[in-house]
A.B. asks: 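Structure incoming, see below.
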Protein chains: 2
Amino acid sequence: MSLRHALLTALIEKPASGLDLAKRFDRSIGYFWSATHQQIYKELGRMESDGLIESTPEENARGVKKIHRVLGKGRQELKRWVAECGEPAPLRDPLMVRLRAEGAIGPAGLAKSLQALREEHVAKRALYQEFEARDFSKAPSDRAAALRHVVLKAGLKHENYWIEVLDEALSVLAQDDD
Amino acid sequence: MSLRHALLTALIEKPASGLDLAKRFDRSIGYFWSATHQQIYKELGRMESDGLIESTPEENARGVKKIHRVLGKGRQELKRWVAECGEPAPLRDPLMVRLRAEGAIGPAGLAKSLQALREEHVAKRALYQEFEARDFSKAPSDRAAALRHVVLKAGLKHENYWIEVLDEALSVLAQDDD
DNA sequence: ACGCGCATGTAACCAGTTACATGATTCT
DNA sequence: AGAATCATGTAACTGGTTACATGCGCGT
């Protein structure tokens, strides 16, 4: 149920249309919670009928831009959810399955695709480093900025985690030039 | 589509019944690809009708234990999938949404639930460390074992990643004793 | 007037979750 | 015979993905 709360957060930061949100998700928020425009429209519709946001103009017309604003009930719901105890998020990682499968059936040409994956993560890390240099080169003044910095640093760590794991995997796979 | 391949891997290691698989998923494989028994049964059915595995006895009777074995076509499919280029896995992490939301609406009592989360990750890390001491105290001999070790080390790194991120978040949240 | 890009949406599908149903075996 | 447990399965639902449909407004 996090899409709803990601949207509430984005709309509190600034009221917007569905497409605006989709674009913003492609940048900042989307780096840790991706969503397509279809999903966003559907959820906005539900949020409106649940009374969490208001959307103007009201009519359901295609092609007409609609602006969505968070209502009191929406803020309340977001606050409730933030404090609620979060599950530990059951891990589900195809790479681990792949490594294990390679172990079970023998060399199958994994290395090449791991190399490609590694490069994507290196690129993403570089991107995050740029963001950090641009937005957080001096210590952030307010709490909200400090929290955004934590989120960005988490992204960086995450990319480093991937790169390290891929390097270890590649060094094992290289031992019998597969 | 990874459940299918996780099951193929597990069944190549050793033919088994649905419940056996569910139990094994609760231990080793499930640490990086969780699945419930319902899901497993459904997927095994599809895999059989796709000709990837054979299941004896054939009849669909409740209560009667069935053993599943991987067929040639199944091995082939697994091999194909292992080599195939893997997507970069679109990140989707509720914690980041929470942090950002806290930034947007102000203190909302996040710290307590982050503490709880942190403890779970510490516990899991300890568990993995036990596994490592037990199974990999001396350098693994064969390739398959080396790959399993890489997977376990990835799990460890992952828990460390979480703990570090949570510590950073907690230190920011602590600054205004929320 | 028509084509293009902006904007909103529907429909069909797939993977995963939760709750529940039912048959077989074993132990007392 | 009854209870516990092993074992397999169905049904309803939710969140997310892919493909497609439709309407408005602007530039040429």
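Atom set for the values below is all heavy atoms of this structure, side chains included, hydrogens, waters and symmetry mates excluded. Letters A, B, ... are given to chains in the order of the sequence lines, protein chains preceding strands, and every chain is numbered from 1.
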A.B. asks: Can a cation-pi geometry be assigned to B:Arg98 and A:Trp81, taking NZ or CZ under 6.0 Å from the six-membered ring centre and within 45° of the ring axis?
C.D. replies: yes
A.B. asks: How would you label the contact of A:Arg4 with the nucleic acid (heavy atoms, under 4.0 Å): base, sugar-phosphate, or nothing?
C.D. replies: nothing
A.B. asks: With hydrophobic residues grouped by side-chain heavy-atom distances under 4.5 Å, do A:Val172 and A:Leu110 end up in a single group?
C.D. replies: yes
A.B. asks: Ignoring the backbone of A:Met1, work out which of D:dG15, D:dT8, C:dG9 is nearest its side chain.
C.D. replies: D:dG15
A.B. asks: Regarding B:Gln38, tell me which of base, sugar-phosphate or nothing describes its non-hydrogen contacts under 4.0 Å with the strands shown.
C.D. replies: base
A.B. asks: Expressed as a whole number of angstroms, how long is the span from A:Leu21:CG to C:dG9:C1'?
C.D. replies: 15 Å
A.B. asks: Does a donor on one side chain and an acceptor on the other come within less than 3.5 Å for A:Glu168 and B:His149?
C.D. replies: no
A.B. asks: Using only side-chain N and O atoms of B:Lys65, determine if any of them is under 4.0 Å from OP1 or OP2 of C:dG23.
C.D. replies: no
A.B. asks: How close or far is atom P of C:dC20 from atom CD of B:Gln39, stated in whole angstroms?
C.D. replies: 19 Å
A.B. asks: Scan side-chain atoms only and decide if A:Glu77 and A:His5 contain a donor-acceptor pair under the 3.5 Å cut-off.
C.D. replies: yes
A.B. asks: Are any of A:Lys42's side-chain N or O atoms less than 4.0 Å away from OP1 or OP2 of D:dG15?
C.D. replies: no
A.B. asks: Rounded to whole angstroms, how far apart are CG on A:Asp20 and C1' on C:dC6?
C.D. replies: 11 Å
A.B. asks: Rounded to whole angstroms, how far apart are CG on B:Leu3 and C1' on C:dG16?
C.D. replies: 9 Å
A.B. asks: Just to confirm, is there a sub-4.0 Å distance from OP1 or OP2 of D:dT8 to any side-chain nitrogen or oxygen of B:Tyr41?
C.D. replies: yes
A.B. asks: Below the 4.0 Å mark, does C:dT25 have OP1 or OP2 next to a side-chain nitrogen or oxygen of B:Arg62?
C.D. replies: no
A.B. asks: Which of the following nucleotides, D:dT17, C:dA7, C:dA15, is nearest to the side chain of B:Arg46?
C.D. replies: C:dA15
A.B. asks: May I have the distance from B:Glu43 (atom CD) to C:dC14 (atom P), rounded to whole angstrom?
C.D. replies: 12 Å
A.B. asks: Keeping the roles fixed (side chain from B:Lys73, backbone from B:Asp50), state whether a donor-acceptor pair exists under 3.5 Å.
C.D. replies: yes
A.B. asks: Separation of A:His37 atom NE2 from D:dT22 atom P, in whole Å?
C.D. replies: 15 Å
A.B. asks: Can you measure B:Lys66 atom NZ to D:dG9 atom C1' for me and round it to whole angstrom units?
C.D. replies: 10 Å
A.B. asks: In whole angstrom, give the distance that lies between atom CG of B:Asp93 and atom P of D:dG16.
C.D. replies: 13 Å
A.B. asks: Give A:Ala35 one of three labels, base, sugar-phosphate or nothing, depending on what nucleic acid heavy atoms sit under 4.0 Å from its own.
C.D. replies: nothing
A.B. asks: Counting side-chain heavy atoms from C-beta on, which of C:dA7, D:dG16, D:dT8 comes nearest to A:Leu19?
C.D. replies: C:dA7
A.B. asks: Specify the residue among B:Pro90 and B:Gly63 whose closest nucleotide of DNA chain D lies further upstream toward the 5′ end.
C.D. replies: B:Gly63
